[in-house]
Amino acid sequence: MEVVSCSHSCSALHQTPRSSWRLRGSGFGLGHAKPPRPRRSAILCVGTTRGVSNPGDSSKVNAMQGLYVSDVDATLQGIPSRKAGELEKVMIQGLPEGPDSSSISTGFWEWKPKLTVYYERSGTENSKAPAVLFLPGFGVGTFHYEKQLRDLGRDHKVWTMDFLGQGMSLPCEDPAPSSIAGEHSEEAFWGFGQDSQPWAEELVYSVDLWQNQVQHFIEEVIREPVYIVGNSLGGFVALYFAASSPHLVKGVTLLNATPFWGFFPNPATSPWLSKIFPWAGTFPLPSFVRKLTEAVWQKISDPRSIHDILKQVYADHSTNVDKVFSRIVEITQHPAAAASFASIMFAPRGQISFQEAISRCQSQGVPISLMYGREDPWVRPIWGIKVKQQVPEAPYYEISPAGHCPHDEVPEVRIALRL
């Protein structure tokens with residue numbers, strides 16, 4: 001694996017006690033050691049692949065196609081990059097396997113009656129280490145961060161959870177049961193009845209709900225401020241939460257974060273405009289939404305469609321996505337999945353925009369770091385560059401080849417957190 005970091009101010013490597021190398025920026029990255037002084041340099045790193053030729057010998061290095069991680073600070077400021085022939089070569093250790101990786105434990109947290117959140121954690125025995133919370137993208141869940149849990153959990157307290165209405169945080173009871181005879185079969189969709197249950201009367205799977213969920217999870221389960229990392233939708237929620245509760249956030253890292261979420265106006269910020277729309281993601285689903293959802297869900301939950309989407313968002317098609325694929329298919333088979341999807345799609349936008357959340361984080365001193373897969377067909381790097389231009393002090397790395405989920409596609413490049 002080749003990693004190129006072209007930077008005038010934040011290219012540096014830190015050697016850990018395990019003699020492994022970690023990509024770092026000037027003051028960025030996980031760890032307790034004092035960050036090295038900034039220097040004007042570019043570094044070419046050669047490291048291991050995702051697997052090793054001999055499972056019993058993690059020191060083996062396999063050949064693979066070149067991978068590039070570029071710090072765009074120099075480019076944005078007009079500083080010329082150094083030639084490849086002038087770059088210094090170092091080693092980057094691959095991901096830990098077997099007994100060297102951190103174990104993962106699971107749990108359920110009942111936030112509100114009938115609303116239970118599934119979460120995973122590792123490294124909680126590292127009592128003095130910083131806590132890191134990973135937020136998944138839309139349609140996936142905690143399983144998308146297994147590599148980070150096993151790797152970073154060796155030295156840090158690492159957490160991840162499923163958003164309500166997704167993954168294993170889908171409801172365990174029907175929010176709007178059908179009263180029509182014959183609709184209680186195992187194939188029937190939950191949430192398609194005429195009346196909602198008392199616990200689901202105000203339930204809407206929106207970004208406001210998710211950022212509130214994150215706040216209470218940190219306060220009640222983690223119980224200390226965190227470094228928060230989010231991919232895609234998770235990046236949007238992470239930034240939104242950091243802007244709303246800066247006292248609970250030490251720093252935010254965005255991984256191809258979607259810069260917008262929700263199509264409909266928020267009733268808190270646009271009360272009159274929101275009244276124009278007949279439904280805003282609540283239960284039960286209106287008749288026209290049920291019919292639309294049935295038609296759309298049949299297509300998007302088809303395993304062939306899921307396979308095509310994964311092929312689209314992963315730039316390196318040699319990446320093993322079998323587990324991700326099977327878990328997504330499993331989620332779509334939950335009886336509450338279709339109605340939850342409809343609620344998410346029709347839920348109102350958040351009370352603040354992505355750009356406003358950035359401004360608030362900047363004014364409140366919340367550090368931001370950016371890591372974007374260059375070949376993402378959905379959230380192209382231009383969106384990360386826009387954030388970089390709004391927050392010039394934020395480090396911004398582009399990874400290539402990598403698509404929408406760089407943390408899963410190229411887990412060897414460790415998440416950069418701004419300390």
Side-chain angles (χ1 to χ4, degrees), residues 27-32 107-112 115-124 126-137 141-142 145 148-149 152-153 155-164 166 169 206-255 257-258 261 268 350-371 387 391 393-395 407 415-419:
F28 306 99
L30 289 171
H32 304 292
F108 286 93
W109 166 59
E110 187 176 13
W111 176 27
K112 297 179 180 180
L115 297 180
T116 301
V117 175
Y118 174 78
Y119 66 90
E120 296 183 359
R121 62 185 180 182
S122 67
T124 51
N126 303 316
S127 59
K128 295 183 179 180
V132 185
L133 174 62
F134 287 88
L135 300 182
T142 57
Y145 288 117
Q148 284 69 40
L149 287 166
L152 301 181
D155 304 303
H156 305 84
K157 299 189 291 287
V158 186
W159 305 75
T160 183
M161 66 175 172
D162 290 346
F163 290 129
L164 287 169
Q166 300 187 56
S169 292
S206 66
V207 289
D208 283 326
L209 174 73
W210 295 326
Q211 79 91 14
N212 196 20
Q213 171 188 340
V214 172
Q215 175 188 342
H216 286 270
F217 184 79
I218 294 174
E219 291 176 339
E220 300 176 24
V221 181
I222 301 180
R223 297 183 180 180
E224 65 176 293
V226 302
Y227 291 98
I228 192 165
V229 183
N231 171 234
S232 190
L233 168 62
F236 187 100
V237 176
L239 192 69
Y240 188 4
F241 167 71
S244 304
S245 303
H247 63 288
L248 294 176
V249 179
K250 292 183 176 181
V252 181
T253 297
L254 304 181
L255 308 174
T258 180
W261 191 263
Q351 295 187 30
I352 61 174
S353 67
F354 188 79
Q355 289 70 29
E356 185 177 351
I358 294 173
S359 297
R360 290 192 184 186
C361 285
Q362 190 175 26
S363 64
Q364 295 171 134
V366 178
I368 298 176
S369 298
L370 309 163
M371 295 185 71
V387 178
V391 189
E393 66 272 17
H407 62 286
I415 304 299
L417 301 183
R418 189 174 177 189
L419 300 179

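Counting begins at 1 with the first residue of the sequence.
- Here the CD-CD distance, from E220 to Q215, works out to 9.0 Å after rounding to the nearest 0.5 Å.
- Interatomic distance, L370 CG to L254 CG, rounded to the nearest 0.5 Å: 5.5 Å.
- Of all heavy-atom pairs between V252 and A242, the closest is CG2-CB, 3.4 Å.
- Judged by distance alone, the side chain of T116 and the main-chain N or O of F108 form no donor-acceptor pair under 3.5 Å.
- Rounding to the nearest 0.5 Å places CG of D162 at 4.5 Å from OG1 of T142.
- The aromatic rings of W111 and W109 sit parallel, their planes meeting at an angle under 30°, below the 60° perpendicular limit.
- The two residues N231 and L255 come nearest to each other via the heavy atoms ND2-O, 2.8 Å.
- Listed here is the closest heavy atom pair of A129 and H156: CB-CA, 3.7 Å.
- To the nearest 0.5 Å, atom CD of residue Q355 and atom CZ of residue R360 are 13.0 Å apart.
- Scanning both residues, V229 and Y145, for their nearest heavy atoms gives O-OH, 4.3 Å.
- With hydrogens and angles ignored, the 3.5 Å screen pairs no side-chain donor or acceptor of Q166 with any backbone N or O of G141.
- Among all heavy-atom pairs drawn from P395 and S369, the shortest one is CG-OG, 3.6 Å.
- In this pair, F217 and W159 present their aromatic rings perpendicular. The plane angle is above 60°, beyond the 30 to 60° band.
- Here the CD1-CG distance, from I352 to D208, works out to 9.0 Å after rounding to the nearest 0.5 Å.
- Side-chain N or O atoms of Q213 include one that pairs as donor or acceptor with a backbone N or O of L164 at under 3.5 Å.
- With T160 contributing its side chain and F134 its backbone, the two residues share a donor-acceptor pair below 3.5 Å.
- Contact detail for F236 and W261: the closest heavy-atom pair is CE1-N, 3.7 Å.
- One distance of note links CD of Q211 with CG of L135; it measures 11.0 Å at 0.5 Å rounding.
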